Amino acid sequence: MQICVFLSAADLDDRYTAPAREFAKLIGAGGHTLVWGGSETGLMKVVADGVRASGGRLVGVSVEFMRSVARADADELVIAPDLATRKALLLARVDAIVVLPGGLGTLDEVTEILELRKHGLHAKPVVLLNIAGFYDGLSLQLRRMDGEGFLPVPLDDLLFVAPDGAAALAYLEGQCSS
Ligand SMILES: C/C(=C\CNc1ncnc2c1ncn2[C@@H]1O[C@H](COP(=O)(O)O)[C@@H](O)[C@H]1O)CO
C-alpha cells in the first residue's frame with residue numbers, strides 16, 4: 001500500500017516518538033510506501049527514518065516554501081507550488097491515510113481529507129492513530145457532531161480510530177484488500 005501519513009513537524013517526547021517509530025517499522029516491514037510531507041523535522045523525520053530503516057520506500061510531497069527542509073534522500077520527492085496543491089497530490093498518490101499526533105498543519109490536513117470523503121469525493125480509508133490518547137478530544141467532538149446530527153454520513157463511515165499501529169495497519173489491510 002501507499003500510505004499517506006499526516007503528523008507533527010515538531011520534536012516531541014518519547015510518549016509520541018516510541019509508538020510512532022513502532023508504526024514506521026510496521027510500514028517498512030510490510031513492504032508499504034510512506035507518502036508524507038517530505039520534511040526532515042520532528043515526528044515527520046522519526047517516522048521517515050523508521051520506514052527507511054525497516055526497508056520501506058519514501059515518497060515526500062513538500063511545498064515550495066519548505067523546500068529547504070525537504071528530505072534529499074527520499075526515493076521520490078515532489079515539490080508542490082502551494083499547500084492546497086500539496087494536499088491534493090498527497091491524496092491522489094495513496095491508498096489510505098493515517099493521522100498521527102500533530103498540530104494545526106495536521107488538523108488542516110485531516111479535516112480536508114474527511115470533508116472530501118464526506119462529500120464522496122474519495123473513498124480512501126482514514127485512520128486516526130490515537131497515540132497516548134492524543135485524539136480523545138477530537139474523537140469526542142466528532143462523536144458529538146455525529147450524535148447531534150451535524151454529519152450527513154455516520155462517523156464510522158468516515159474514520160477509524162486505532163489504539164496502536166498494529167490495529168491501524170490491520171484495519172487498512174482489511175479495507176484495501178476488499
Ligand atoms: C519549515 C520548517 C519546518 C518544516 N515544517 C514542515 N515541513 C513539512 N510539512 C509540514 C511542515 N509543517 C507542516 N507540515 C505539514 O503539516 C503537517 C505537520 O504540521 P503540524 O502543524 O506540525 O501538525 C504535516 O503532515 C505536513 O504535511 C521550519 O519552521
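Indexing begins at 1, ligand by ligand and atom by atom, following the structure's order. Remember, it's a predicted structure, so these values are computed and weren't measured experimentally. The first residue of the sequence shown is numbered 1, and numbering continues consecutively from there.
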| task | Taking atom CG of Leu104 as the centre, report whether more than 12 heavy atoms of other residues, nucleotides or ligands fall under 6.0 Å from it. | result |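 Open.
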| Is any N or O atom of Leu7, backbone or side chain, closer than 3.5 Å to an N or O atom of ligand 1? |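 Leu7 vs ligand 1: N/O contact under 3.5 Å present.
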Using a 4.0 Å cut-off to any heavy atom of [X], which atoms of ligand 1 qualify?
X: Ala9; answer: 5 (N), 6 (C), 11 (C), 12 (N), 18 (C), 22 (O)
X: Ser8; answer: 22 (O), 23 (O)
X: Leu104; answer: 21 (O)
X: Gly102; answer: 23 (O)
X: Thr106; answer: 17 (C), 18 (C), 19 (O), 20 (P), 23 (O)
X: Thr41; answer: 3 (C), 4 (C)

Could you tell me the residue and atom name of the protein heavy atom closest to [atom], and the distance to it rounded to 0.1 Å?
atom: atom 13 (C) of ligand 1; answer: Met66 CE, 4.1 Å
atom: atom 27 (O) of ligand 1; answer: Glu109 OE2, 2.5 Å
atom: atom 2 (C) of ligand 1; answer: Val69 CG2, 4.2 Å
atom: atom 21 (O) of ligand 1; answer: Gly105 N, 2.8 Å
atom: atom 9 (N) of ligand 1; answer: Arg86 NH2, 2.9 Å
atom: atom 7 (N) of ligand 1; answer: Ser39 OG, 2.4 Å

Backbone N/O of [Y] and side chain of [X]: donor-acceptor pair under 3.5 Å:
X: Lys124; Y: Leu91; result: yes
X: His122; Y: Leu116; result: no
X: Arg143; Y: Leu155; result: no
X: Arg117; Y: Ala123; result: yes

| message | So that I can tick it off, tell me whether Asp75 and Arg52 are bridged by a salt bridge, with the cut-off set at under 4.0 angstrom between side-chain N and carboxylate O. | response | yes
| request: Output yes when a protein non-hydrogen atom is found under 4.0 Å of atom 4 (C) of ligand 1, and no otherwise. | output: yes
| query | What class does the angle between the rings of Phe160 and Tyr171 fall in, given that below 30° is parallel, 30 to 60° is tilted and above 60° is perpendicular? | reply | parallel
| said: Would you compute the distance between atom CG of Leu43 and atom CH2 of Trp36 and round it to the nearest 0.5 angstrom? | reply: 13.0 Å
| query | Which value, rounded to the nearest 0.5 Å, describes the distance between Leu142 atom CG and Leu128 atom CG? | reply | 7.5 Å
